[in-house]
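First the proteins, then the strands, lettered A, B, ... as listed; each starts at 1. Because the structure is predicted, anything quoted here is derived from the model rather than measured. These values consider heavy atoms only, across backbone and side chains, with no hydrogens, waters or symmetry-generated copies.
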Amino acid sequence: MSEGAETTRYKTLKSVLNVLAEILIRNKRGLIGLLILSVPLAMAIAPQLIAPYDPWKTVDDSFLPPSPKHLLGTNDVGQDIFSELVYGARISLFVGFAAAISAVFLGTLIGLIGGYYGGVVDEVLTSFTDVMLLIPVLPFMILLAAMMGQGYINMIIIISIFAWPSVARLVKAQVMSLRERGYVEAARAIGVSNWRIMMHHILPQLLPLLTAFVVLRIGGAMIAEASLSFLGLGDPTQKSWGTMIYWANSSGALSSGLWWWITAPGIMITISVLGFTQIGYAIEEYVNPRLRGRV
Amino acid sequence: MSGILPFILRKIVSRVVVFFVILSVTFVIPRLLPGGAFAYLVENPNVPAELRESLIKEFGLDKPLWDQYVDFLRQFFTTGNLGLSFSRLQPVSKVIMEALPWTIALVTTSVVLAALIGVTLGAIAAYRRGSKFDSSMVSFVMFVRSMPSFWLGLVLLIVFGYYLGWAPLYGAYTYGATYSSTLEFIQDVLAHLWLPIFTLTLLMTTGYFMIMRNNMINVIGEDFIYVAKAKGLPNRVIVFKHALRPASLPVITALALDLGWSISGALLIEIVFSLPGVGKLLYDAVYMTDYPLLLGIVVYTSALTLTLVTLVEIMYAYIDPRVRLK
């Protein structure tokens with residue numbers, strides 16, 4: 001990573017656009033990711049323009065098969081499944097994005113402190129991180145979800161609680177090498193406080209990498225949201241792709257052959273995760289060109 | 001040279017400490033949150049006063065917190081008991097012990113199959129890097145890894161269960177069936193379990209494939225492979241005889257680190273296929289708000305994960321002495 005150059009690059013709008021073009025258009029993976037993601041993103045941005053019906057209204061008989069009138073048929077209470085799918089994009093993407101940001105925030109904080117201070121502080125934080133990596137995540141998530149109550153904000157909190165450890169590990173490794181750089185030692189020598197060194201001299205160096213971490217973790221968070229929702233722990237007042245699969249499954253869609261009801265939301269989740277992963281890789285390749293062509 | 005015994009001892013002690021922490025957390029959480037896990041029971045007007053009294057006594061809710069904690073630990077370490085399941089009115093430990101063998105069977109079978117298949121395919125892909133086989137395998141793996149595991153299970157169930165009729169839609173054996181021999185029972189179980197095992201194996205294989213492929217590509221770039229090439233050994237011998245062993249060692253570490261996730265995945269798959277394992281219990285516990293059962297599952301799955309991870313690590317230290325020094 002070239003020092004300083006990264007940070008100045010982010011300063012003007014023109015160079016921001018240039019960076020975006022480099023990642024999303026000139027990089028093949030990034031372009032593929034962007035194209036794949038355009039569908040769920042369009043749904044999330046303007047559902048009212050795409051969805052033919054109000055997803056909360058009973059518009060027809062229940063359990064209708066797909067037809068030109070109802071592209072994916074209707075559900076158990078006669079709501080249009082395609083419209084549910086379109087409106088579900090916003091909450092699914094939002095939960096994934098918010099949980100990924102929070103997890104990276106937590107992981108960065110812990111990795112930064114551990115990597116910068118080292119010694120006992122690091123040992124305590126590292127063993128805490130290792131424990132979090134070791135435990136069977138699902139039962140713990142379910143326990144918390146059941147106790148905190150259903151709501152998408154709680155869901156974001158729960159997912160980020162269990163998604164930060166891998167970030168902390170990666171950040172710590174980076175910080176440990178940045179800590180030894182000349183300019184950090186110089187700052188320390190003239191008496192700059194530890195906190196200021198971390199925030200002003202180390203963190204900005206990490207920002208490009210952290211962006212990649214966030215994007216790469218949106219997919220995992222979306223899958224976690226879907227899994228919890230599938231278990232009936234989703235937000236009952238919202239329609240997400242996960243809760244759609246839950247309702248489809250608990251209304252017996254599987255044993256009555258209504259396969260489109262189960263598959264459609266899953267396909268949306270899969271392509272979103274795929275899209276975010278590709279863009280995440282493109283960002284990583286931009287930050288660290290040596291990674292190019294690894295897969 | 002440090003021996004393997006101090007290593008084993010160190011690992012076991014640290015894992016016991018971790019388990020102790022998890023136990024304490026499961027004690028604290030239900031008592032910490034507003035309302036608390038026991039509110040459902042104690043403040044529920046539908047629970048008769050007598051039953052309430054006896055339940056409060058049973059859980060020791062009238063005692064000071066510290067005494068409750070000591071009781072909780074003493075009970076667990078002497079009898080393995082974690083209280084009574086609200087929904088089944090049976091000891092939590094008994095309910096879980098009945099379900100645990102199914103989960104262990106599902107996880108271990110899939111992990112072993114996935115590791116073997118993933119390592120083999122990963123090695124071949126690395127050996128033929130850039131080939132059609134390699135790039136299509138990588139794309140396929142990326143695609144599978146983007147799917148929610150439970151959803152993949154549902155889709156396979158629709159295809160193989162509902163449409164092709166090759167697998168039953170639920171359960172681990174035919175309910176109410178009588179068997180004339182053990183063999184018949186095993187046949188019936190296999191007919192039910194092949195699809196969940198296939199699903200889980202497919203999901204886990206993708207992870208091992210990616211790790212193996214990356215390791216192999218790195219190992220192929222090392223000096224001793226260069227020497228082997230200089231000696232004029234055929235490519236096939238170099239890859240499958242010289243590079244395979246060093247490249248597959250880190251897969252074991254990954255296997256250990258991923259066990260927590262593997263078990264979580266297995267629980268979800270069990271729920272999709274309605275297998276009588278711990279996953280199903282988890283689902284029921286959520287559905288019935290059965291907190292003692294939920295907490296018990298957390299404790300027992302943690303114990304299972306920690307035990308398996310430690311075993312794998314000890315095995316690894318036995319194979320590769322370098323680890324013991326860390």
Side-chain angles (χ1 to χ4, degrees), chain A residues 36 127-128 130-149 162 219-220 222-233 241-242 245-246 248-249 253-259 262-263 265-267 269-278 281 293-295, chain B residues 14-15 18 21-22 25-26 29-30 33 35-37 138 142-143 145-152 154-155 157-159 161-163 169-170 210 213-214 217 257 259-265 267-268 271-272 278-279 282-283 285-287 289 291 294-295 297-298 300-302 304-306 309:
Chain A
I36 295 176
S127 28
F128 182 43
D130 286 347
V131 172
M132 293 299 286
L133 280 170
L134 217 60
I135 55 172
V137 174
L138 188 73
F140 273 94
M141 278 188 158
I142 290 174
L143 180 65
L144 280 183
M147 295 197 155
M148 287 169 69
F162 293 96
M222 286 181 70
I223 290 180
E225 186 270 338
S227 305
L228 288 176
S229 297
F230 172 66
L231 297 174
L233 292 163
W241 293 329
I245 302 177
Y246 166 72
N249 195 48
L254 190 105
S255 47
S256 36
L258 308 171
W259 56 268
I262 291 177
T263 43
I267 291 171
I269 296 171
T270 306
I271 64 167
S272 308
V273 176
L274 202 58
F276 282 118
T277 314
Q278 298 303 316
Y281 281 149
R294 67 192 147 161
V295 244
Chain B
S14 88
R15 292 297 144 75
V18 169
V21 172
I22 292 173
V25 167
T26 57
I29 288 181
L33 286 168
V138 170
M142 289 262 194
F143 191 60
R145 285 179 80 75
S146 303
M147 298 175 184
S149 55
F150 70 90
W151 180 75
L152 178 65
L154 287 172
V155 170
L157 201 51
I158 291 171
V159 175
Y162 185 79
Y163 280 100
L169 287 180
Y170 59 87
M210 288 311 264
R213 187 180 170 278
N214 284 344
I217 287 170
L257 263 182
L259 269 171
W261 281 106
S262 303
I263 289 176
S264 296
L267 299 182
L268 277 171
I271 294 167
V272 170
V278 179
L282 195 58
Y283 188 76
V286 171
Y287 193 69
T289 23
Y291 284 109
L294 203 49
L295 291 165
I297 293 170
V298 168
Y300 276 88
T301 48
S302 301
L304 177 67
T305 317
L306 290 173
V309 169

Side chains of [X] and [Y]: does their closest heavy-atom pair fall under 4.5 Å?
{"X": "A:Ile269", "Y": "B:Trp151", "value": "no"}
{"X": "A:Leu231", "Y": "B:Val286", "value": "no"}
{"X": "A:Leu134", "Y": "B:Ser302", "value": "no"}
{"X": "A:Ile135", "Y": "B:Thr305", "value": "no"}
{"X": "B:Val21", "Y": "A:Val131", "value": "no"}

How far does [atom1] of [X] sit from [atom2] of [Y], to the nearest 0.5 angstrom?
{"X": "B:Leu154", "Y": "A:Asn249", "atom1": "CG", "atom2": "CG", "value": "5.0 Å"}
{"X": "A:Trp259", "Y": "B:Leu157", "atom1": "CH2", "atom2": "CG", "value": "15.5 Å"}
{"X": "B:Leu259", "Y": "A:Leu133", "atom1": "CG", "atom2": "CG", "value": "12.5 Å"}
{"X": "A:Leu138", "Y": "B:Thr301", "atom1": "CG", "atom2": "OG1", "value": "9.0 Å"}
{"X": "A:Phe140", "Y": "B:Ile297", "atom1": "CZ", "atom2": "CD1", "value": "12.0 Å"}
{"X": "A:Ser227", "Y": "B:Ile271", "atom1": "OG", "atom2": "CD1", "value": "9.5 Å"}

query: Nearest heavy-atom pair of B:Arg145 and A:Ile223: which atoms, and what distance?
result: O-CD1, 4.3 Å

message: Looking at every non-hydrogen atom in both residues, tell me the closest pair between B:Val298 and A:Pro139 and how far apart they are.
response: CG2-O, 3.7 Å

task: Write out, in numerical order, the residues from residues 271-278 of chain A with a heavy atom short of 4.5 Å from a heavy atom in chain B.
output: A:Val273, A:Leu274, A:Gln278

field: Set of side-chain hydrogen bond (donor to acceptor under 3.5 Å, both in side chains) partners for B:Trp261, sequence neighbours left out
entry: none

What part of [X] gets closer than 4.5 Å to chain A, counting heavy atoms only: side chain, backbone, both or neither?
{"X": "B:Leu304", "answer": "neither"}
{"X": "B:Tyr163", "answer": "side chain"}
{"X": "B:Arg15", "answer": "side chain"}

- line: Whatever's closer than 4.5 Å to a heavy atom in chain B on A:Ile245 counts as side chain

- request: Could you tell me whether the side chain of B:Tyr291 and the main chain of A:Ala146 form a donor-acceptor pair under 3.5 Å?
  value: yes

task: Could you list the residues that satisfy ring-ring contact (aromatic ring centres under 6.0 Å, His included) with B:Tyr162, not counting sequence neighbours?
output: none

field: Heavy-atom pairs under 4.5 Å with chain A, option from B:Ile158, B:Leu152, B:Leu267, B:Thr26 with the top count
entry: B:Ile158

Top of B:Val278, B:Leu268, B:Val272 for chain A proximity - count of heavy-atom pairs under 4.5 angstrom: B:Leu268

side-chain contact (heavy atoms from CB on, under 4.5 Å) involving A:Tyr246 - partner list, sequence neighbours excluded: A:Ser250, B:Tyr283

- line: Per-residue tally against chain B (heavy atom, under 4.5 Å) across A:Gly232, A:Gly219, A:Ser255 peaks at A:Ser255

